[in-house]
Amino acid sequence: MAQNLPFDSGDFVVYPTHGVGRVVGVETQEIGGHELQLFVITFEHERMTLRVPVGKIKAAGLRKLSSGKIMENAMTTLKGKAKVKRTMWSRRAQEYEAKINSGDPVLIAEVVRDLYRNVGQPDQSFSERQIYEAALERLAHEVAAVENIDKVAATEKLEGVLQKEKAA
């Protein structure tokens, strides 16, 4: 690439509302009479391709993968005690969705920690389970990309941390 762009082809990036994707290239398109450079990003787990204008990456929240330090903070958050507010479920669900769509692994870890149920604990409602699984999947994709492991191994690692801490 001739220009000094923040991402190269093959780089993993995080788009807040879709999680981890891979930059497959930069293309130029004419949109509304203007030529725009666009990052082409694929999200294999969602079978989706997204084009983000190069000039809008900050506004879109597109970022590089988290550093090892940030992922350590997310793991520390998972080990913490669950904090469940006594507000109505619909309000908590909105807060959880906002945390998931922030793309911040520490906030996503909070959702996973707060909605995790161990054996012997009351079952989750259907919507709690859906939000928990969405958060776990989003966090597992980033852990897998950062640690260069597959998503299954990353999910097992996260669940292992949760089970160990809840059993203690």
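- Hydrophobic clustering keeps Val106 apart from Val111 (ILVMFWY residues linked when any side-chain heavy atoms are closer than 4.5 Å, directly or through intermediates).
- Heavy atoms of other residues, nucleotides or ligands lying less than 6.0 angstrom from CD of Glu44 number 12 at most.
- The distance from atom CZ of Arg22 to atom OG1 of Thr49, rounded to the nearest 0.5 Å, is 13.0 Å.
- The distance from the CG atom of Leu136 to the OH atom of Tyr116 is 10.0 Å, given to the nearest 0.5 Å.
- When every heavy atom of Val112 is checked against every heavy atom of Tyr132, the shortest pair comes out as O-CE1, 3.6 Å.
- The minimum heavy-atom distance between Leu78 and Arg113, with the atom names listed, is O-CG, 3.8 Å.
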| field | Working for side chain to side chain contact (heavy atoms under 4.5 Å, CB included), residues His18 and Met48 | value | CA-CA 9 Å; His18 295 288; Met48 181 179 80; 3.4 Å; yes
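- Minimum interatomic distance between Ala154 and Val143 (heavy atoms only, all atoms of both residues): CB-CG1, 3.9 Å.
- Under the 4.5 Å side-chain heavy-atom criterion for ILVMFWY residues, no single connected hydrophobic cluster contains both Tyr15 and Leu107.
- Inspection of the Gln29 and Glu27 side chains reveals an N or O donor paired with an N or O acceptor under 3.5 Å.
- Using a 4.5 Å heavy-atom cutoff, the side chains of Tyr96 and Glu128 are not in contact.
- The distance from atom NZ of Lys157 to atom CG of Leu139, rounded to the nearest 0.5 Å, is 10.0 Å.
- Taking CD1 of Ile31 as the start and CG of Leu38 as the end, the distance is 5.0 Å to the nearest 0.5 Å.
- Under the 4.5 Å side-chain heavy-atom criterion for Ile, Leu, Val, Met, Phe, Trp and Tyr, Leu36 and Val54 are members of distinct hydrophobic clusters.
- Shortest non-hydrogen contact noted between Phe7 and Phe39 is O-CE2, 3.6 Å.
- In terms of the side-chain hydrogen bond (donor to acceptor under 3.5 Å, both in side chains) criterion, residue partners of Arg129 (sequence neighbours excluded) are, by chain and number, Gln124, Glu133.
- Closest approach of Asp114 to Arg117, counting heavy atoms only: O-NH1, 3.5 Å.
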| message | Between Lys85 and Glu95, does the salt bridge (Lys or Arg N to Asp or Glu O under 4.0 Å) criterion hold? Intermediate values first, please. | response | CA-CA 11 Å; Lys85 292 181 180 175; Glu95 290 176 14; 3.1 Å; yes
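- Side chain of Asp150 to main chain of Ala153: a donor-acceptor pair is present (N/O by atom type, distance under 3.5 Å, no hydrogens or angles).
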| field | Val26 vs Val40, side chain to side chain contact (heavy atoms under 4.5 Å, CB included): CA-CA, chis, key distance, verdict | value | CA-CA 6 Å; Val26 177; Val40 181; over 6 Å; no
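- In this structure, Phe43 and Val20 approach most closely via the heavy-atom pair CD2-O, 3.4 Å.
- Rounded to the nearest 0.5 angstrom, Ile100 CD1 and Glu137 CD are separated by 10.5 Å.
- Under the 4.5 Å side-chain heavy-atom criterion for ILVMFWY residues, a single connected hydrophobic cluster contains both Val14 and Met75.
- We find the CG-CG distance between Asn101 and Asp104 to be 12.5 Å, quoted to the nearest 0.5 Å.
- Linking ILVMFWY residues whenever their side-chain heavy atoms come closer than 4.5 Å, directly or via other members, places Ile108 and Val161 in the same cluster.
- Applying the side-chain contact (heavy atoms from CB on, under 4.5 Å) test between Ile57 and each of Val52, Leu5, Val13 identifies Val52 as the sole match.
- For Ser66, the side-chain hydrogen bond (donor to acceptor under 3.5 Å, both in side chains) partners two or more places apart in sequence, or in a different chain, are Arg63, Glu142.
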| field | Derivation of the side chain to side chain contact (heavy atoms under 4.5 Å, CB included) call for Leu62 and Ile41 | value | CA-CA 10 Å; Leu62 191 66; Ile41 304 161; 3.8 Å; yes
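- Under a 3.5 Å cut-off, the side chain of Arg138 and the backbone N or O of Pro105 do not form any donor-acceptor pair.
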